[in-house]
Protein chains: 2
Amino acid sequence: MGSLPSDPADVSASQTVRAQLRLREMILDGELPAGERISEPVVAELTGISRTPIRSALIRLQEEGLLEPIRSGGFRVRAFSVDEIRDAIEVRGTLEGLAARLAAERGASAANLEALTACVVTIDRLLEQGDPDEARFAAYVEANSRFHEVLAASCESEVVQRQVARGNALPFASPNGFLRVQAAAPDAFQTLSIANAQHRAVVDAITRREGARAEALMREHARIAHRNLQATLANPRVVDLIPGGRLIVHDG
Amino acid sequence: MGSLPSDPADVSASQTVRAQLRLREMILDGELPAGERISEPVVAELTGISRTPIRSALIRLQEEGLLEPIRSGGFRVRAFSVDEIRDAIEVRGTLEGLAARLAAERGASAANLEALTACVVTIDRLLEQGDPDEARFAAYVEANSRFHEVLAASCESEVVQRQVARGNALPFASPNGFLRVQAAAPDAFQTLSIANAQHRAVVDAITRREGARAEALMREHARIAHRNLQATLANPRVVDLIPGGRLIVHDG
DNA sequence: TGTCTTTGCGATGTATACATGTAGCTATTC
DNA sequence: GAATAGCTACATGTATACATCGCAAAGACA
């Protein structure tokens, strides 16, 4: 009842889930700065949610990797070095590569292959339309998201799917993490075209049961994010285009 | 105060940690059978710990993969199909392979390389002594554990290390999961020798900065567990030799 | 003036009380 | 006899009260 009515997607969910969503949002938006201790009473007051559900949410966010425990108790918002982001991207690529390989070796269902193809086609059409406006960009994010989601599901392994989701948990590691800066780059069209060509090639590899090829492609596909990371660092003004950009610590 | 004095490793830790350790133990020992809902008041009574820390522990164990949420609320002990265990082993191999590759490509520290070699030498000496008694087996477990631990640390990446730890979280996926059944097999000496030869080869590959070789070796190394899993299924009497063996559900 | 000590505030960790919702059982009716 | 409806009991989700521990600030003493 105490929760603000402006909160989105907060209806008909438990306080714990609401707290988790809200806190993640606050962290990614920089309302809770990196390195700062999270005070339970303060965020309880801020969100209008009592301490108990806040507590549960904090534990989940720690497991998620967004928070780190403090020795004397409680949590603080984690800061991410460039090296850590690079490694997180590599982890995602490796896990998505595993999913692709297993999908190829074990055979993906016709439904999943169709869904993957549909995503590729959608993205191709969007790219044909030239410079993206906000609506087309949202459609692109949606299709890209769905491609990676269906791919993880294509190996029909809950265990793998779960682990891939964990690999994507860090905001910078997610397939959509750097999408906004990617789309804002001068060579955006080319990069996005290459990315979608990789999508298409992966679907082809899975269809032909070529596991090693599918795996290598997904790994390389993830490494596009490395370039985007570099671009982000070179042009600090775009740091606010990526979720949680403020959490990046710029060390030597 | 209410906790049983017989509890091991329970001194000087928070109630939450105690609860997590104790609950994990109870699940792995079969005290809390797979599929059964975990009743907070019951385990609170059983452990002498109040509901709040129990709650925190349950959330952590869910993130760990040992529990699954129930739609109407609460958690139940997860059952693992043979396929899921197979996939979990594959995930571990993939992540340890990543760690090995990065260690090779980036170069491992002299200290880590020495520590890895020390583990290999220790295991070799233990194998030379013939049939293992309980003490030698414990030493073997210790050395094997340490090898995998140091390997994960050798890429100097907290992110990778963390993800490897997550991959090992499921009891069957851990490097030591099937060690007892492996040591009890008739061809135990040969299998353990092969495993240690793989250890040695990985160290060699990392030293020579041969990333692809190191990765392939760790993947194949993990797959030894597949054979052990088959052996376990063929001889149901050894199911109690592996931690959490009772959680395996035997479907067609 | 600097350092050490002490005091106080506020945080977390823990326990418990309360409300709501669900599942299972029983009784009644068709 | 079976099915349905209602009730009971117990579970979780939530809120809050309490104790302990850490940290910071202020004051006193050398």
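Keep in mind that this is a model prediction, so the values were computed, not measured. Every chain is numbered from 1, with letters handed out A, B, ... down the list of sequences.
Between B/S72 and C/dG21 there is no side-chain N or O to OP1 or OP2 distance below 4.0 Å. Contact between the side-chain N/O atoms of B/S39 and the OP1/OP2 oxygens of D/dA11 is found at a separation under 4.0 Å.
The local environment of CD in A/E31 is crowded, with over 12 non-hydrogen atoms from other residues, nucleotides or ligands closer than 6.0 Å. The environment of A/E45 atom CD is sparse: at most 12 non-hydrogen atoms of other residues, nucleotides or ligands sit within 6.0 angstrom. For A/R37, the CZ atom counts as densely surrounded, since its 6.0 Å shell holds more than 12 non-hydrogen atoms of other residues, nucleotides or ligands.
A straight line from CG of A/L58 to P of C/dT12 spans 8 Å, rounded to a whole angstrom. Spacing between atom CD1 of A/I70 and atom C1' of C/dG10 amounts to 14 Å, rounded to whole angstrom units. If you measure from atom CZ of B/F75 to atom P of C/dT22, you get 17 Å, rounded to the nearest angstrom. The separation between B/I59 atom CD1 and C/dG13 atom C1' is 14 Å, rounded to whole Å. Between the C1' atom of C/dA11 and the CD atom of A/E45 lies a distance of 16 Å, rounded to the nearest Å.
The side chain of A/R51 sits closest to D/dT16 out of D/dA15, C/dA15, D/dT16. Counting only heavy atoms from C-beta on, B/Q15 has its side chain closest to C/dA15 among C/dG13, C/dT22, C/dA15. Closest approach to the A/R55 side chain among D/dA15, C/dT14, C/dA11 is made by C/dT14 (side chain taken as heavy atoms from C-beta onward).
Between the side chain of A/R71 and the base of D/dG22, no donor-acceptor pair under 3.5 Å is found.
Residue-level contact check: B/I38 touches the backbone only, with heavy atoms under 4.0 Å from sugar-phosphate atoms and none from bases. Residue A/S56 is out of contact with every strand shown, counting any heavy-atom pair closer than 4.0 Å. Nucleic acid contact for B/I54: none, since no nucleic acid atom lies under 4.0 Å from a heavy atom of the residue.
Looking at which nucleotide of DNA chain C each of B/R37 and B/T52 is closest to, the 5′-most match is held by B/T52.
The CD1 atom of A/I49 lies 8.5 Å from the OG1 atom of A/T16; values are rounded to the nearest 0.5 Å.
Ring pair B/H148/B/H221 is parallel by interplanar angle, where below 30° counts as parallel and above 60° as perpendicular.
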